[in-house]
Amino acid sequence: MKKMIQFILAAVLLVPSTVAAADPEKNASPVNLNKAEIEAFAKTFFQQKEIKDQLAGAVLVVVKNGQVLLNEGYGYADIGSHKPFDPDNTVFRVASVSKLFTAVGIMQLAESGKLDLDKDVQAYVPDVQIPNKTGAPLTLKHLMTHTGGFDAGASEDPQKTYSLRDYIKATVPTVITTPGELYSYNNYGYDLQGYIIEKVAGLPFEEYMKKNLFAPLGMNNSDYIFTDKVKKAIATPYDSSLKQAQQIVNVPVNQPAGGMFSTGTDMSKFLLAMLNDNPASDHRILTEASIRAMEHNSVTIHPKVPGAGYGLESNYTQYYNGYNVVEKGGDLPGFHSNIWLLPDEKTGVFLVSNSDKGNLRPPFFEQFMNRYFPNKGQGPAFVQPEPTKQQLLRFEGKYRDARSPAWSYDISAVDGALMVKAPSGNHTLRQADDLLFYDEEGVAAGFRTDASGNILYFAYNKPGSWSVKSPELPKFQDVPEDHPYAQYIYELAQSGAIQGGPGHFEPGKPITRGQFVAMLVHLSTYPLSQKPSSFGDTKGNPYEAYIQSAYEIGIVSGYTNGTFNPDQPITREEAATLVWRLVKIVLSAAPVQSDLKGPYSSWASEGLQFVAGKRLFGPDVQTSSTGPVDYRPKDIMLKQEAAALLSQLLKSIR
């Protein structure tokens, strides 16, 4: 399977989509949540034009007080044949919601005394050596809360089929941050938990889950293996244009971090089990104490900001309306899911769709909460008197996302507030408590310090990870602040795509094919390939691993004679084509129509139109309101022009 680059994809999917239905008029008091009411609400929701335009198919499940109020399919499991989305029989991928089930397996073994959540996990997997540079133990609690402190680790071989054991050994990362210190979403930690379940239980992971979770709950159509039965029943996935997409395979074959298949009916049984605190119930898979431990915000940037529990997280905090909500989201090409639990209200919701177009989850959950659990009116109380600019200066700086360094925040202080330039736009944060702020819409933002009070981390409106405060980068001697490309060059330096001074950047020098590919791959968290080079002339080249990684992703293909020519200057049409391939593969970007001035190569047409149409350039291209864009496709690209292209790319996909 071609590995899905993380290149802020999770952020793009989880930050509310621009294709969203407007929330109907909010209720002053809650509407009674019952079967008839939720059926009518759901029907109205899926009939909204914005929702219909992005819908292939979906399943919605709602439970409350031990009863299934709704388990219904909408749209099509297969558009071409008009096959309906059947809640009983249509199988879908739950993607990373699988992690919640894996965490349940860990908690079951902890209840039986076979696992200690506070013990170094190395004791449970003596056959896997996990490099740990911190000297602090790595525990199951860290793995369940995404605070393991891992680096990116090694990438898998896209041509190989992996057992769980082989995958864990082949892709083992290094612990580089003290476990428990930094929240950064990580898949390997959950695959490792699955392997620990195998080792301790003496059963293959998927067999353990069937025996101890699926069978007791009657989840007869759920599996972690892509069996013939699953293949026959699974919904067809669709891309962002509602064109049929390819079914991906699990890597490893049982993939504890995201490989589970299920149905609406099966998920309704799981929701009931996670909400039922009756010891005599047939729906029990864990004790009440274990479930409460999973729901607790074990990791949070600030006590008043939702965080992460064991297998649970906080994605859509802006819609919680003052209620206790825990959730888990999942995203794979063609399938997007979310589970929400309101433990105090004995209410659970599950939603999954089978297309990449738009994002049904934010508008649905906003409308659901505003109707049945409207805002309690408990807005934040801000610090009075307002802090001065001088008092807020310590928060100023650039913060880079720990998981996706291309995602960053610029924070500056003014009297009474912090001004934030974010991928989601510009925001004003007002202080409500020490290290706690809220924006104009009531979304919380928090900071964390070291023992000396220095700001280390920032968490705001991007789920999945905290951002790390960046040190001030030295300036390049040949890029003064008034240089026409200074903004682009230093933005890329902050993202890690190029190394900051104090040397020279040589902005007017041509950029080579190898250098450009390295900058492009740097913008992702894709682990550098460990495989031998596929090109005869890149062995020993400083950019060999980057070029090989780009080849495995599908960005580069090389020449017919098996070479890549890494030291050859790249042309502007070549650079545009590589950018287009990246966004097409990773983000399922749609082509852009643009009027171009020639000449240019026919193979570069889509890439050039995308770059020109998205205005991914700096002063190197002179434009007018009329006439074709002269991108100068055949010219050699300079380093300063590459910086403008990639810097503008980051802004456009945010």
Side-chain angles (χ1 to χ4, degrees), residues 13-16 20 23 26-27 30-31 33 38 41-42 45 60-65 69-70 94 96-97 99-100 103-104 144-146 183 185 267-268 270-277 288 291-330 336-352 359-380 436 438-439 441-446 459-464:
L13 291 169
L14 291 175
V15 171
D23 187 24
K26 298 181 180 180
N27 300 300
V31 173
L33 179 56
I38 190 61
F41 168 82
F45 174 79
L60 176 60
V61 179
V62 180
V63 305
K64 182 175 175 62
N65 294 331
L69 302 186
L70 184 72
V94 301
S96 282
V97 173
K99 292 179 174 68
L100 178 54
V104 168
M144 285 194 289
T145 56
H146 301 285
Y183 174 66
Y185 196 91
M267 290 302 295
S268 71
F270 179 72
L271 288 175
L272 291 173
M274 292 299 292
L275 292 165
N276 196 334
D277 58 5
E288 180 183 355
I291 292 177
R292 294 292 175 265
M294 294 180 72
E295 295 167 345
H296 176 67
N297 282 324
S298 301
V299 175
T300 179
I301 194 80
H302 187 280
K304 294 183 180 179
V305 179
Y310 301 159
L312 292 161
E313 60 201 20
S314 303
N315 289 339
Y316 302 113
T317 58
Q318 65 270 39
Y319 307 135
Y320 290 1
N321 288 347
Y323 287 84
N324 175 27
V325 180
V326 291
E327 59 180 299
K328 183 73 194 82
H336 305 284
S337 61
N338 219 91
I339 188 171
W340 293 276
L341 300 173
L342 287 78
D344 301 337
E345 319 305 323
K346 302 295 184 190
T347 299
V349 180
F350 174 77
L351 175 65
V352 66
N359 187 355
L360 298 177
R361 295 166 294 182
F364 167 78
F365 192 60
E366 179 184 17
Q367 293 179 34
F368 176 86
M369 290 298 293
N370 286 342
R371 184 166 184 82
Y372 302 110
F373 305 99
N375 200 308
K376 295 181 177 181
Q378 299 172 346
L436 177 66
Y438 289 88
D439 71 7
E441 298 178 352
V443 179
Y460 178 30
N461 59 354
K462 177 187 173 294

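Keep in mind the model is a prediction, meaning the values are calculated, not measured.
- In summary, the side chains of Lys99 and Tyr310 do not present any donor paired with an acceptor at a separation below 3.5 Å, with no hydrogens or angles considered.
- Considering Val61, Asn276, Val349, Thr347 as possible partners of Leu271, the one that fulfils the side chain to side chain contact (heavy atoms under 4.5 Å, CB included) test is Val61.
- A 4.5 Å side-chain heavy-atom check between Ile339 and Met274 finds every atom pair outside the cut-off.
- Lys64 has no carboxylate O lying under 4.0 Å from a charged side-chain N of Glu345, or vice versa, which leaves the two without a salt bridge.
- Lys376 and Gly322 get closest at one heavy-atom pair: NZ-O, 3.8 Å.
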Please assess Gln367 against Arg371 for the test side-chain contact (heavy atoms from CB on, under 4.5 Å), listing each intermediate value before the final yes or no. CA-CA 6 Å; Gln367 293 179 34; Arg371 184 166 184 82; over 6 Å; no
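- Nearest heavy-atom pair, Leu360 versus Phe45, reported as atom, atom and distance to 0.1 Å: O-CZ, 3.9 Å.
- Closest heavy-atom contact between Lys328 and Val97: O-CG2, 3.5 Å.
- With sequence neighbours excluded, the residues that form a side chain to side chain contact (heavy atoms under 4.5 Å, CB included) with Asn297 are Pro306, Ser314.
- A donor-acceptor contact shorter than 3.5 Å links the side chain of Thr300 to the backbone of Val305.
- Every residue two or more places apart in sequence or in another chain that forms a side chain to side chain contact (heavy atoms under 4.5 Å, CB included) with Ile38 is listed here: Leu33, Phe41, Val62, Leu69, Leu70, Phe368, Tyr372.
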For Glu327 and Arg361, what are the C-alpha separation, side-chain angles and deciding distance, and is it a side-chain contact (heavy atoms from CB on, under 4.5 Å)? CA-CA 12 Å; Glu327 59 180 299; Arg361 295 166 294 182; over 6 Å; no
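- Interatomic distance, Glu366 CD to Tyr319 OH, rounded to the nearest 0.5 Å: 4.5 Å.
- Checked against Phe350 for a side chain to side chain contact (heavy atoms under 4.5 Å, CB included), the options Leu60, Asn338, Val94 give a single hit: Val94.
- Ring geometry for Trp340 versus Phe364: interplanar angle of 30 to 60°, hence tilted.
- Thr145 approaches Ser298 most closely through the heavy-atom pair CG2-CB, 4.1 Å.
- Atom OG1 of Thr317 is separated from atom CG of Asn461 by 8.5 Å, given to the nearest 0.5 angstrom.
- Closest approach of Ala103 and Gly311 over heavy atoms only: CB-CA, 4.0 Å.
- Closest of all the heavy-atom pairs between Asn315 and Gly329 is ND2-N, 3.7 Å.
- Applying the side chain to side chain contact (heavy atoms under 4.5 Å, CB included) test between Glu295 and each of Leu312, Asp344, Asn324 identifies Leu312 as the sole match.
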Check the pair Tyr320 / Phe365 against side-chain contact (heavy atoms from CB on, under 4.5 Å), numbers first and verdict last. CA-CA 9 Å; Tyr320 290 1; Phe365 192 60; 3.9 Å; yes
Just do the side-chain contact (heavy atoms from CB on, under 4.5 Å) check on Glu441 and Gln318 with the steps written out, would you? CA-CA 8 Å; Glu441 298 178 352; Gln318 65 270 39; 5.9 Å; no
Asp439 vs Tyr460, test: side chain to side chain donor-acceptor pair (under 3.5 Å). Steps then yes/no. CA-CA 9 Å; Asp439 71 7; Tyr460 178 30; 2.6 Å; yes
